Protein chains: 2
Amino acid sequence: MSQELKQPEWADHASERLADAGYRRGGARSAVIDLLARQDCALSAFEIEEALRADGGRPVARASVYRVIDELEQLKLISRIEVGHGISRYEAVHPGGHHHHHHLVCDACEKVIPFEDDELERTIHRVADRVAFDVAEHEIVLHGSCGDCGPRASRRSA
Amino acid sequence: MSQELKQPEWADHASERLADAGYRRGGARSAVIDLLARQDCALSAFEIEEALRADGGRPVARASVYRVIDELEQLKLISRIEVGHGISRYEAVHPGGHHHHHHLVCDACEKVIPFEDDELERTIHRVADRVAFDVAEHEIVLHGSCGDCGPRASRRSA
DNA sequence: ATCAGTGCAAAACATTTGCAGCATG
DNA sequence: CATGCTGCAAATGTTTTGCACTGAT
């Protein structure tokens with residue numbers, strides 16, 4: 001069940017790297033970083049905006065969410081994942097590859113669930129060495145249906 | 001390398017399945033199917049429209065491209081891949097899992113290159129069995145830089 | 001005080017949908 | 001000749017951009 005990691009250290013890490021890169025401390029940026037630091041899996045831009053608006057404290061305009069996301073992605077502090085349905089999702093990248101994971105996507109309820117597998121990582125690295133291509137990152141998405149939607153509910157009415 | 005497969009059989013296969021599903025033989029549909037049959041890797045909706053307009057014969061409206069894509073995807077005759085950059089790409093699915101492959105994406109020139117790896121497939125299936133999730137499909141994308149863009153050109157100016 | 005950071009509204013895309021006319025079975 | 005197929009144009013949804021204002025250094 002997506003192990004609720006919560007890594008405030010990442011927020012500090014990200015803030016430092018941003019400062020190193022010459023960015024100032026704006027409120028919208030901090031709010032997005034703090035929110036992302038508290039997640040255990042990827043959020044869409046809309047979900048980020050929504051969560052910040054509900055969170056009590058600091059509503060952040062959609063445009064700012066996208067701008068912060070863009071900065072963080074360029075510094076490789078977050079990674080973008082594309083699981084279909086036309087939207088991008090973003091999640092913290094922890095230094096040293098800790099908590100590196102991939103995603104199960106329920107095509108019925110659109111839920112995104114993280115999973116880790118060391119053997120898969122080893123295999124991917126072996127493949128990366130084998131191809132005539134300089135591999136920097138990899139993304140693995142398993143589509144199907146989650147427990148809630150029933151092990152047989154792959155096909156959907158929507 | 002992308003081995004220029006060209007499988008006219010797939011066009012027939014797809015046409016049959018569409019007929020079975022009660023579809024007629026419209027010109028736009030045939031044109032899209034024929035084009036996809038001639039590809040060795042995934043095309044975007046825009047590339048499909050463009051290719052058909054240039055191809056000499058049968059321009060197909062964007063809406064029709066999307067409609068045909070949608071029909072083919074629902075019948076699992078093509079698969080949708082998302083490699084970032086905000087667009088979807090589509091490619092023929094060959095019966096029996098033949099020519100099943102994954103993708104290398106050059107983040108410099110945005111080229112998409114197919115690759116196959118049996119060990120990776122075995123590992124993925126092992127993972128699929130292990131998770132509490134009913135896995136129907138999987139998608140693997142390796143990001144980096146292709147030969148043309150230099151084995152060290154992962155970072156990009158654009 | 002300066003210049004980066006932010007919000008709002010409009011623009012730019014990819015994709016979807018409504019509807020009128022064309023063509024297949 | 002009826003119904004499905006197609007094209008056009010408008011709608012939708014996500015992401016980006018322009019510009020004026022706010023706030024950090």
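Not measured: the values here are computed from a predicted model. Each chain gets a letter, A, B and so on, in the order the sequences are listed, and its residues count up from 1.
- Whole-Å rounding puts the I69(B) CD1 to dT17(C) P distance at 14 Å.
- One N or O on the side chain of W10(A) and one on the backbone of L77(A) form a donor-acceptor pair closer than 3.5 Å.
- In the region residues 16-27 of chain A, proximity to DNA chain C at under 4.0 angstrom, judged on heavy atoms, holds for Y23(A), R24(A), G26(A), G27(A).
- Contact check, S44(A) against dT14(D): no side-chain N or O comes under 4.0 Å of OP1 or OP2.
- Within the 4.0 Å cut-off from OP1 or OP2 of dT16(D), not a single side-chain nitrogen or oxygen of Y66(A) is found.
- For R53(A), the CZ atom is densely surrounded, since the number of other residues' heavy atoms within 6.0 Å is greater than 12.
- Checking dT6(C), dT15(C), dT15(D) against the side-chain heavy atoms of R62(B) singles out dT15(C) as nearest.
- Under the 6.0 Å cut-off for aromatic ring centres, H103(A) and H101(A) qualify, their centroids lying closer than that.
- When the side-chain nitrogen and oxygen atoms of S88(B) are compared with OP1 and OP2 of dA14(C), none of them lie within a distance under 4.0 Å.
- A donor-acceptor pair under 3.5 Å links the side-chain atoms of T123(A) to the main chain of E119(A), judged by distance alone.
- At distances below 3.5 Å, at least one donor-acceptor pair connects side-chain atoms of E139(A) with backbone N or O atoms of E82(A).
- No salt bridge links R126(B) with D117(A); every basic N to acidic carboxylate O contact stays at or beyond 4.0 Å.
- Atom CG of L43(A) and atom C1' of dT14(D) are 16 Å apart (whole Å).
- Within 6.0 Å of atom NE2 in H85(A), more than 12 heavy atoms from other residues, nucleotides or ligands are found, so the atom counts as buried in its surroundings.
- Of all nucleotides listed (dC5(D), dT15(D), dG5(C)), dG5(C) comes nearest to the side chain of R29(A).
- Spacing between atom CD1 of I48(A) and atom P of dT6(C) amounts to 14 Å, rounded to whole angstrom units.
- Judged purely by atom type and a 3.5 angstrom limit, E116(A) has no side-chain atom pairing as donor or acceptor with the backbone of H99(A).
- Between the CD atom of E82(B) and the P atom of dT14(D) there is a distance of 14 Å, rounded to whole Å.
- In this structure, H138(B) has its ring center under 6.0 Å from that of H125(B).
- Between the C1' atom of dT17(C) and the CD atom of E71(B) lies a distance of 14 Å, rounded to the nearest Å.
- Between dT6(D), dT6(C), dT15(C), one nucleotide has an atom nearer to the side chain of R58(A) than all others, and that is dT6(C).
- When the C1' atom of dT16(C) is taken as reference, atom CD1 of I87(B) falls 17 Å away, rounded to whole Å.
- Panel note: side chain E50(A), backbone E47(A); no donor-acceptor pair is recorded below 3.5 Å.
- Per the geometry, CD belonging to E49(B) stands 15 Å off P belonging to dC13(C), to the nearest Å.
- Using a 4.0 Å heavy-atom criterion, one finds that R80(A) contacts no nucleic acid atom at all.
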Check nucleotides 18-22 of chain D for protein N or O atoms closer than 3.5 Å to its own N or O atoms and list the pairs.
unit_1	atom_1	unit_2	atom_2	d
dG18(D)	O6	R67(A)	NH1	3.4

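- Rounded to an integer number of Å, the gap from Q74(A) CD to dT16(D) P is 11 Å.
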